[in-house]
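Step one of this worksheet: look at the structure below.
As the structure is a computational prediction, the values presented were derived from the model and not from experiment. Side-chain atoms are counted along with the backbone in the values below, which use heavy atoms only and exclude waters and symmetry mates. Throughout, a chain's letter reflects where its sequence line sits, starting with A, and its residues are numbered from 1.
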Protein chains: 2
Amino acid sequence: MGNTRITMKGLAKILGVSTSTVSRALKDHHSIGEETREKIKKTALKLGYIPNSVASNLRRRKTNHIGVIVPRIDRYFHSSSISGIEEVANEAGYYVSIFQTKDSYIKEVESVEILMSNKADGIIACLALETSDIDHYKQLANTKIPLVLFDRVCNDLESNKVLINDYDAAFKACDHLAKIGCKRIAHIAGNLNSSIFKARLEGYKAALIANNLTINEDFIFYGNILSEEEGRHFANALFDMNTKPDGIFCANDITAVSVIQTARERKFSVPQDIAVVGFSNTPISKIIQPSLTTIEDHAFEMGQASARLLIKQIEDNDQNIVSETLIIRNELIIRESTVPAE
Amino acid sequence: MGNTRITMKGLAKILGVSTSTVSRALKDHHSIGEETREKIKKTALKLGYIPNSVASNLRRRKTNHIGVIVPRIDRYFHSSSISGIEEVANEAGYYVSIFQTKDSYIKEVESVEILMSNKADGIIACLALETSDIDHYKQLANTKIPLVLFDRVCNDLESNKVLINDYDAAFKACDHLAKIGCKRIAHIAGNLNSSIFKARLEGYKAALIANNLTINEDFIFYGNILSEEEGRHFANALFDMNTKPDGIFCANDITAVSVIQTARERKFSVPQDIAVVGFSNTPISKIIQPSLTTIEDHAFEMGQASARLLIKQIEDNDQNIVSETLIIRNELIIRESTVPAE
DNA sequence: TTGTAGGCGTTATCAC
DNA sequence: GTGATAACGCCTACAA
């Protein structure tokens, strides 16, 4: 057990061959003779040789490393997308490292810097809520490191994107509320700095208009991180109103669940007093009572698509295509929070 | 924008100094004159210099990179521990990359190999269910890369460990069931290949014995990944029995929730017909109705403790301490699934 | 089929 | 205070 690990040079010396031969043998280069190769591989194994990727990466100018930047991995949407990314990336010989921004702009900038310094082959990112200045991503552009933004993207940035049509999804959700007879539809909106929450708000408004309902600013709650606490806070405010909404579209499942729970505590019934729709079809939406009507946004598939797109950019390098945008399907899933089980 | 990024060498040439001076200036080395330093930093910024960590890592033999290996990041316990790890690691100047094994032995071995090759400064791991052969971790030992195992550890391996007392936690859970009057306590066990599930089963048995209850093998359901489906399957089997249990301790919250849901579907009431206890205090346990009695295992704190322990090993390198084991506290949280709200 | 030599970009050690 | 030089471990043109 030497203090320092054996290297190719060491193996070469022991076997009386050159380092290039060792290097080639270990990579199954065709030009190496059968017996030399076997011999080298055997002793490499015996001596516990471990390739040094750091050196190899430096030399090859390639790391086989994809960086993923997401707001918070403990949100179902993100952990699912990461799973999708990982599946595709590993299959293609890349490993994935994950950076959590906790929706902080600073952390996002730092993450991008680390990934640039570490020469990641590509980056997949979902923007932090705080992020509006995007110079760090622009800088990325002239490092030739491909970027895919997913879900929360930025329109000011020309880059590859994978997203759903949030406007359309929100429209469907609110149109459904209108069709089941809601007249006073409220909305818990997310941080409007973020593309998706802006689009969901627009979709909400459009659906009301399309159904000849008036848009009441008092019925729009402007949230930020859409945590359970925020949801409870808004729900309480809502149930304190004189003229209460009879339907609500929440920009995520977490706040929708809070509304249902608050309704229960305050003896309102869902959907009779108020119908509730969430967003993302997280596991909890099936478990809560009444179960939650929500939008399925296919997070896992978004992750897969993002990784495929990124790897294509890394490997094909088609100079003609400047950027590509993929829209992933979404569906309204109707459950008891809008249509009671008979 | 040239095709390849500027390096220290390039900066040196442009400024008419040596690379060593550039290197030192950018790191605020004291021996560099005020004006030279400023000048170098300014042009570095202007020309968009990005340090190449790959080269630096090779030279310094240090990557400031901690690898984390977990079964599945979409389980609340793991995403919380990762958050704890990240917080501590980032604070100390390390970045964290995450590998998901999906409980597969092969993926675990591959992850360790990638991290060894990439010269991670340390590894934090939670064993995959499939893992019983631990040679890959033993190999790690003679690379001098410190390892911390957390939660699901391995007794055959001398390494740093951070865990809770699962035996004790399970004992508390089942003792509680006995004290509220349950006479026929069932258990949904996890994969017994895993230390924690073995300990929870032991704790269960010990609590029954301590309360003079007989251990009925028919009441022990041997699960594997403890998914919702497994939970439903066992719950249905349980409710089909002639003599039904009147209490059940589930080795995780997911299966406990399935039991509650199945009970509801089959018109049994919780806790009157059967009292239910889960494990991990996941967010869902507060939301389900009735809310779930469970064990709080402080995942976030386990993550923090693991990272602190690892970083200590990386930086102190105290040759006297071979390994260290930390036991994190746990508590029984009593909710409506065992004690109805009045 | 194998060897030689140079360099990937940085930093540590000497020297001046 | 600054520079020259070598080395981290690997890969690859070129040569033999």
Side-chain angles (χ1 to χ4, degrees), chain A residues 2-41 44 47-65 114 116-121 143-145, chain B residues 2-41 44 47-65 114 116-121 143-145:
Chain A
N3 204 353
T4 174
R5 301 248 89 204
I6 188 137
T7 66
M8 286 190 177
K9 207 199 286 189
L11 284 175
K13 185 166 285 175
I14 289 169
L15 288 161
V17 292
S18 74
T19 28
S20 19
T21 305
V22 175
S23 173
R24 287 191 271 244
L26 293 177
K27 305 214 109 52
D28 289 317
H29 193 287
H30 61 274
S31 77
I32 296 293
E34 178 79 13
E35 63 258 76
T36 347
R37 177 156 39 89
E38 286 313 312
K39 196 177 59 181
I40 291 173
K41 283 195 165 182
L47 300 180
Y49 168 73
I50 296 170
N52 183 332
S53 300
V54 180
S56 160
N57 291 345
L58 176 62
R59 178 61 234 243
R60 293 181 304 127
R61 294 153 163 281
K62 165 112 184 153
T63 54
N64 286 73
H65 166 196
I114 292 175
M116 286 196 295
S117 282
N118 282 69
K119 303 291 171 190
D121 287 339
T143 64
K144 305 284 178 199
I145 299 179
Chain B
N3 204 352
T4 172
R5 301 250 88 204
I6 188 138
T7 66
M8 287 190 177
K9 207 198 283 188
L11 284 176
K13 185 166 287 175
I14 288 168
L15 288 162
V17 294
S18 74
T19 32
S20 355
T21 306
V22 175
S23 174
R24 288 190 272 242
L26 294 176
K27 305 215 109 54
D28 290 316
H29 194 284
H30 60 276
S31 78
I32 296 293
E34 178 79 12
E35 64 257 75
T36 348
R37 177 155 39 89
E38 285 313 312
K39 196 177 59 179
I40 291 173
K41 283 194 166 183
L47 299 180
Y49 167 74
I50 296 169
N52 184 330
S53 300
V54 180
S56 165
N57 291 346
L58 176 61
R59 181 60 237 238
R60 292 181 306 127
R61 297 154 161 282
K62 164 114 185 151
T63 54
N64 286 75
H65 167 197
I114 291 175
M116 285 196 297
S117 280
N118 282 62
K119 304 292 172 186
D121 287 339
T143 65
K144 305 284 180 201
I145 299 178

**Rounded interatomic separation in angstrom, taking CZ from A:Arg60 and C1' from D:dG9** = 13 Å

**Rounded distance (Å) that lies between atom C1' of C:dT10 and atom CZ of B:Arg61** = 14 Å

Could you check whether any side-chain N or O of [X] sits under 3.5 Å from a backbone N or O of [Y], counting only pairs where one atom can act as donor and the other as acceptor?
| X | Y | value |
| --- | --- | --- |
| A:Ser117 | B:Pro51 | yes |
| A:Asn52 | A:Val54 | yes |
| A:Arg60 | A:Ala55 | no |

**Prompt:** Tell me, do A:Met8 and A:Leu26 make a side-chain contact under 4.5 Å, heavy atoms counted?
**Reply:** yes

**Prompt:** Is A:Val17 close to A:Leu11 at the side-chain level, that is, under 4.5 Å between some pair of heavy atoms?
**Reply:** no

**Contact summary for B:Asn57 and B:Lys62, nearest pair of heavy atoms** = OD1-O, 3.0 Å

**Item:** Minimal non-hydrogen separation, A:Asn64 against A:Asp121, with atom names
**Value:** N-OD2, 2.6 Å

**Prompt:** Do A:Ser56 and A:Ser53 have side-chain N/O donor and acceptor atoms under 3.5 Å apart?
**Reply:** no

**Message:** For a quick check under 3.5 Å, do B:Ser18 and B:Thr21 share a side-chain donor-acceptor pair by atom type?
**Reply:** yes

**Request:** Look at the side-chain N and O atoms of B:Ser20 and state whether any lies under 4.0 Å from the OP1 or OP2 oxygen of D:dG3.
**Result:** no

**Prompt:** Looking at residues 48-59 of chain B, who's got a heavy atom less than 4.0 Å off DNA chain D?
**Reply:** B:Leu58, B:Arg59

**Request:** Using heavy atoms and a sub-4.0 Å distance, could you list which residues of residues 23-39 of chain A are near DNA chain C? By number, please.
**Result:** A:Arg24, A:Ser31, A:Ile32, A:Gly33, A:Thr36

**Message:** Below 4.0 angstrom, which residues in residues 6-18 of chain B have at least one non-hydrogen atom near DNA chain C?
**Reply:** B:Thr7, B:Met8, B:Lys9

**Prompt:** Looking at A:Lys41 and A:Asp28, does any basic side-chain N land under 4.0 Å from a carboxylate oxygen?
**Reply:** yes

**N/O donor-acceptor pair, side chain B:Thr19 with base C:dT10, under 3.5 angstrom** = no

